[in-house]
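Below: the structure, in structure tokens.
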2 protein chains.
Amino acid sequence: MLERNGTVGKAIEVLDQVADRGRPVRFSELLEESRFPKATLYRFLQSLVGQGMLAYDAERQTYMPGLRLVRLAHAAWQHSSLAPIARPHVDALAEVVREAVHLAQIDHGHVIFVDKRKKTNMFDTLAQTGLIAPSYCTGVGKAILAFLPEETRSEALKMQAFVPYTPHTHRSPKSLWPELDQIRDEGIAFDREEHEQGIISVAAPIIPDQRRVVGAISIATSTSRRSLDELKTLSPTLRETASRIAAEVQPWQFPN
Amino acid sequence: MLERNGTVGKAIEVLDQVADRGRPVRFSELLEESRFPKATLYRFLQSLVGQGMLAYDAERQTYMPGLRLVRLAHAAWQHSSLAPIARPHVDALAEVVREAVHLAQIDHGHVIFVDKRKKTNMFDTLAQTGLIAPSYCTGVGKAILAFLPEETRSEALKMQAFVPYTPHTHRSPKSLWPELDQIRDEGIAFDREEHEQGIISVAAPIIPDQRRVVGAISIATSTSRRSLDELKTLSPTLRETASRIAAEVQPWQFPN
DNA sequence: AAACTCGGTTTCATTATATGGAACCAAAAC
DNA sequence: GTTTTGGTTCCATATAATGAAACCGAGTTT
């Protein structure tokens with residue numbers, strides 16, 4: 001993500017920085033973590049606020065993501081996400097398994113959740129949509145990675161830091177590769193508490209045609225509710241759902 | 001929205017153009033509607049695609065909004081929207097009235113729906129979040145406009161085209177002003193099929209303190225289900241909900 | 001109260017970047 | 001085989017971004 005892009009790239013970099021921190025940020029905070037000099041950063045922020053991409057709280061002198069993004073995302077959601085297509089299938093699956101169902105796609109090496117459903121307690125449903133997670137330590141992430149064309153995959157992994165979230169997290173591409181081979185074989189991926197302690201999941205890739213994987217769907221639960229083996233028994237159902245979704249993807253959708 | 005801003009402004013203008021059209025767009029389409037020359041537009045698109053703000057379909061040679069936006073919007077959603085705060089109240093209201101409940105904020109003169117709930121048939125719920133609508137012909141829009149400080153309001157109205165969606169739509173600020181006065185008086189706004197034929201709504205502004213309005217909440221229905229008079233009987237309930245939401249807004253949130 | 005910080009904002013000469021007319025290219029239409 | 005259409009690249013020029021330094025206002029310290 002260090003490609004040299006023009007002014008817009010830099011501006012978006014700033015936008016990202018603000019969005020990444022989960023709270024309103026002061027100018028000075030941004031300044032130290034940013035590679036830009038004072039005046040430059042300042043002008044970027046001005047521009048972004050002017051466009052509504054950021055909101056500025058004059059009182060507290062803090063910046064936060066702006067509403068304009070919500071509007072833009074609405075369009076993205078409709079066109080570039082699996083969510084609208086997959087919705088009924090996600091619903092149905094959630095109804096059957098009574099566990100959290102996640103729908104994800106990959107974007108610049110990050111897994112991005114484009115839909116979530118949880119029939120048990122229905123709060124919090126879509127609030128988490130748009131959340132991102134690393135690919136190398138999540139079920140959906142590995143399911144997608146495994147079926148990505150060679151080049152795209154190493155590209156995606158290259159920009160990963162391999163943060164050891166839990167004792168089970170893969171430490172490097174070395175240990176990940178064999179697992180990806182296996183996933184490609186079996187058509188199913190598992191998250192064995194690799195991202196969050198106590199959280200496990202099964203995931204199946206969504207593959208509309210031989211050439212490409214467009215996303216993945218997973219069933220997640222906590223170790224206190226179910227064991228990994230129990231979860232494994234849901235694999236066929238999951239795969240079934242995944243292929244049903246895949247069947248509805250048009251050949252022209254979701255270009256790589 | 002015609003302020004001359006630097007390169008970022010222009011780039012975002014292009015981004016908007018792509019997002020506004022509700023479908024993948026060709027380069028040539030964008031070219032004719034854009035004020036930029038070929039090469040310039042081309043490079044903007046390249047940049048935006050490079051950043052993941054747009055996705056490019058090489059096959060069909062079309063551009064569409066990119067997933068990166070979904071990710072960014074997630075952050076915006078959490079910080080700059082009323083949605084997280086209002087959620088339980090919106091839920092409760094939807095449960096009681098059994099009609100569509102909309103939560104909206106204003107952004108650059110546009111009403112932007114940050115949450116929607118419909119307890120009758122639950123599909124389509126949040127799919128429409130992020131949708132925008134004009135302020136001058138919607139219940140939520142007028143409720144907000146009425147309580148906006150003088151200057152901000154005319155600012156907001158200035159960038160409106162006053163499109164006559166239905167026979168009941170206000171044609172100009174002239175006819176809108178008296179109604180806004182009345183809304184300010186009564187603390188409640190109505191949409192009398194002004195935006196969509198057959199759709200009516202009641203809306204109440206969300207006013208955390210005397211100085212500012214941060215959004216509005218509305219109950220919408222179709223004329224075939226209920227009359228406007230029936231809808232009016234729900235005003236107290238609606239106002240009650242609005243003030244409950246307002247009470248939870250912290251003084252530092254939602255700067256103007 | 002004068003001097004000093006500590007954010008944040010503005011200036012301005014310099015430099016890097018965006019610009020856009022024109023040329024170019026590939027594929028489709030004639 | 002030629003022309004048109006739609007998209008991409010070149011390159012000299014104009015423009016906008018840059019960032020060091022100065023500035024400003026509101027606290028703090030001396």
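We name chains A, B, ... by the order of the sequence lines, and we start the count at 1 in each one.
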Problem - Presence of B:T7 side-chain N/O under 4.0 Å of D:dA17 phosphate oxygens OP1/OP2 - result: yes
Atom pairs, N/O to N/O, protein against nucleotides 14-16 of chain C, distance under 3.5 Å?
none

If I take atom [atom1] in residue [X] and atom [atom2] in nucleotide [N], what distance separates them, rounded to the nearest angstrom?
X: A:L31; N: D:dT18; atom1: CG; atom2: P; answer: 14 Å
X: A:L41; N: C:dG8; atom1: CG; atom2: P; answer: 10 Å
X: A:L45; N: D:dT18; atom1: CG; atom2: P; answer: 12 Å
X: B:R35; N: C:dA18; atom1: CZ; atom2: P; answer: 16 Å

Problem - Expected output: side-chain A:S135 to main-chain A:V111 donor-acceptor under 3.5 Å - result: no
Practice task
Ignoring hydrogens and angles, tell me if any N or O in the side chain of B:D57 forms a donor-acceptor pair with the backbone of B:R60 under 3.5 Å.
Solution key: yes
Practice task
For residues A:G215 and A:L82, report the shortest heavy-atom separation together with the two atoms involved.
Solution key: CA-CD1, 4.0 Å
Handout entry: Smallest separation among heavy atoms of B:P205 and B:V213, with atom names
Key = CB-CG2, 4.0 Å
Just the atom pairs and distances: protein N or O near nucleotides 5-13 of chain D's N or O, under 3.5 Å.
unit_1	atom_1	unit_2	atom_2	d
D:dG7	OP2	B:S28	N	3.0
D:dG7	OP2	B:S28	OG	3.4
D:dG7	N7	B:K38	NZ	2.8
D:dG7	O6	B:K38	NZ	2.6
D:dT8	O5'	B:Y42	OH	3.3
D:dT9	OP2	B:Y42	OH	3.1

Problem - Sugar-phosphate, base or nothing in reach of A:T40, heavy atoms under 4.0 Å - result: base
Handout entry: Centroid-centroid under 6.0 Å between A:H102 and A:F113 rings
Key = yes
Problem - Check: A:Y63 ring centre within less than 6.0 Å of A:F27 ring centre - result: no
Problem - Stepwise side-chain contact (heavy atoms from CB on, under 4.5 Å) test for B:Q160 and B:H170 - result: CA-CA 12 Å; B:Q160 293 291 343; B:H170 281 285; over 6 Å; no
Handout entry: Straight-line distance of B:L145 CG to B:R184 CZ, nearest 0.5 Å
Key = 10.0 Å
